[in-house]
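Along the sequence shown, residues carry numbers from 1. What you see below is based on every heavy atom in this structure, not just the backbone, and it leaves out hydrogens, waters and symmetry mates.
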Amino acid sequence: MMTKRITLRSTGRFLFVSGLAALAVLLPALGWTARNDVEAFNKQVGWANIWAGSIGAVGLLMMVLGKKQDHDVELNRQVILLAKAQQISHGRQLAQLLGTDALESRSAKLKFCAADARTGKSAPNARTAGNIDTIAAYYKRTPSGRMLILGAPGAGKTVAGITLLLQLIADVVDSQNAEKSLRVPVIFNLTTWASSKRFENWLADELSMRFRLSPSISRQLIQDGRILPLLDGLDEMDNELESPDRAERAVQQLNDYIAVNSRAPLIVITRSGSQYYSRLRGRFRNTQAVLIKPFHSTDIDGYIAEHCGQGVVDEIKRGLSKGPRKARGMFYSETSTPWRLAMMVGYVHSGNDPARLLPTSPEGQAEFESRLNSELYETFLSTRFRLGGCKDDHEVARARHMLSRIAHFLHSGKGDEQASDIVLHDWWRRFGGRVPAWQLRAAAMAVILPFALPLDSLPLTDYVPNANAGWTSWAMPLSNFLMLMAMALATPFQLTSPRGINFARLLSSAGLLRATLLAIPCAGVGYWFSTITSHDALGVGAALGLFILLVPVIGNRIEATEDAMNPHEPLRRDFAASSMFGLGMGLFMGTYIAETMGSKAGICFGLGYFLSLTLGFSSGRYFVATLLGPTVGLPRRLSLYLRWATNAGVLRVSGINYQFRHRELMNYLLATSEPPGQMPVPGPFGIPMQRWPKWIERRVEA
């Protein structure tokens, strides 16, 4: 742990607080002792002001001078917290990727060679530059600090990237007492990067959301170069129908970023080949590229012999010798990646005949690849589902159907929202697009309207529209309905990331002090309401509601912690925050309306304000989306199913995201299942529904 040391800023803070305390305590105490002597009173009060003011001014000056010193210490502390949080999460993810369970042993050791970032290819007969254990040492020898990791589908690029990240993180944790500025690698998924957002802003937003960092700290970490971005998923950015050029634009923006920040380190992971990196018109500049090498036939035989026995290898060789002339090349080319080898080991361990994995005489390369995929993936899925607790074929088929539906929903993203990760707090976005801009503008105008109504013009008895009160009497219920609609329409599409409350900070001594100070103006507002209306209940409700509404501000998310690497944690934190916001708003407005319009109206409107806020936050939107999920074949309790599928080994956890065990698995499910007949679309108040009303569809068609 970093040792606590006395800094210029901490000393200045102590002196500044001491000066304020002297003014608050010493001044009235000295004044009280000399209250009967005017001359002594003036003298003591004057000296108290001089000493307290001088101490406070010196402390303030030291705080300003020591800001830079403390700034570096604080950023180093945040870097180490980020490193430790990722060390735990990505360590688990790497174990899942390597398959260290009963069905699959460790993945074969990857090797890589140097490549050309301009072409995405290595030189013919390129020598091996290193293996997965030495990839961090190879990266450190790269002068620019920028590296492009290329490889075929299933070659182990993600394994190489996470291994590199963990090795670099170990250096950060070991050097935590160093005075130099520390830099921590962080994995980012490029599929979440909207092309309209600047690269640096996207990095800062992702840091803030994933690690519970304040936006200012996130931006500072990016600006000071404390983050080494490890960008995965460049090959997954494009959507042929919606946005076929996202990867092109991303490469262009990253090249511009490199040109402006020539010393900025960067690591990018993408698939190689004519369908992926090589098809891009623009390529990375000033970047060292490495290519994950496919396994040689001797490596494949050695791996199978190690995990299945030499007898299985001999059986495969006999089968290949009896098959067509090209059988050997077809078999070894299709099993030259760690992912295929791991599935093959699982296939054999499940009691299947390895001879069924060999090419037959009439098969070409495409037919053999299709049949091999079917054999491996179907066995992999059924074995995993039974390992997870499915008792018969019906339950296996049902679990497979749900997994296929999830794959189709991930594939149905619109434009920049397409991604292959399952993010619970963004799951509702899979149900359609956004509210049109004119609705948001109308909602903003409706929000302003209720606050323009004068309080003293409203009747304070059971509500009946009163002609003597003017138009405000009739506008009171209408304005509240409009405000509810505005909150319900605008909130779901303005709050794009989950909110959170740091209860540890809220319950600390500093947090309790801030809460006490916040309670003073809230009590003043409540007193003003009770005085102007002569109703104590209105004052109490207004004060309490306002306090509950504002107190989450004190408990902002400020630390990178282990639970920030849990996919369910953002929803839990968001639920706590939305409940407090909704309860505060409902109590504040419900009490006010109860005094002006009657108790029934107060209860109805208070409940409406509570629901419009809670359902507008990420947790509420997730809840509404899951209610609609079973109508299109999704699990009734999505989060429980995702946990179950992860324990069964079909999915894996990456930070706050769920991912398919491998991208090829998701593609196989997409190719072998039918998509839902009709995806749900967003309806009123941001709530998804099965289809638009027919009168809207007729107008759109017209």
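In this model, no donor atom of one side chain and acceptor atom of the other lie less than 3.5 Å apart for Q252 and D256. Defined by atom type and a distance below 3.5 Å, a donor-acceptor pair is missing between the side-chain atoms of R146 and S262. A donor atom on one side chain and an acceptor atom on the other are not found under 3.5 Å apart for S278 and K121. Side chains of T191 and N189: a donor on one and an acceptor on the other come within 3.5 Å. For R652 and H662, the side-chain atoms include no donor-acceptor pair closer than 3.5 Å. For the residue pair E367 and S370, no side-chain donor N or O sits within less than 3.5 Å of a side-chain acceptor on the partner. Side-chain contact, E334 with Q365: a donor N or O sits under 3.5 Å from an acceptor N or O. A donor-acceptor pair shorter than 3.5 Å cannot be found between the side chains of D299 and Y332.
The ring of F112 has its center closer than 6.0 angstrom to the ring center of Y138. If you look at W427 and Y658, their ring centroids are not closer than 6.0 Å. W202 has its ring centre less than 6.0 Å from the ring centre of F188.
Looking only at side-chain heavy atoms (C-beta outward), Y668 and S673 stay at 4.5 Å or farther from each other.
A cation-pi arrangement is found for R283 relative to Y277, the charged atom lying closer than 6.0 Å to the ring centre and inside a 45° cone about the ring normal.
Using a cut-off of 4.0 Å between Lys/Arg side-chain N and Asp/Glu carboxylate O, D171 and K140 are scored as salt-bridged. A salt bridge does not link D232 with K157: none of the charged nitrogens is closer than 4.0 Å to a carboxylate oxygen. With respect to R340 and E664, a salt bridge is recorded, a charged nitrogen being found less than 4.0 Å from a carboxylate O.
Rounding to the nearest 0.5 Å gives a distance of 8.0 Å between CE of M147 and CG of L230. From M343, atom CE reaches atom OG1 of T335 across 10.5 Å, with rounding to the nearest 0.5 Å.
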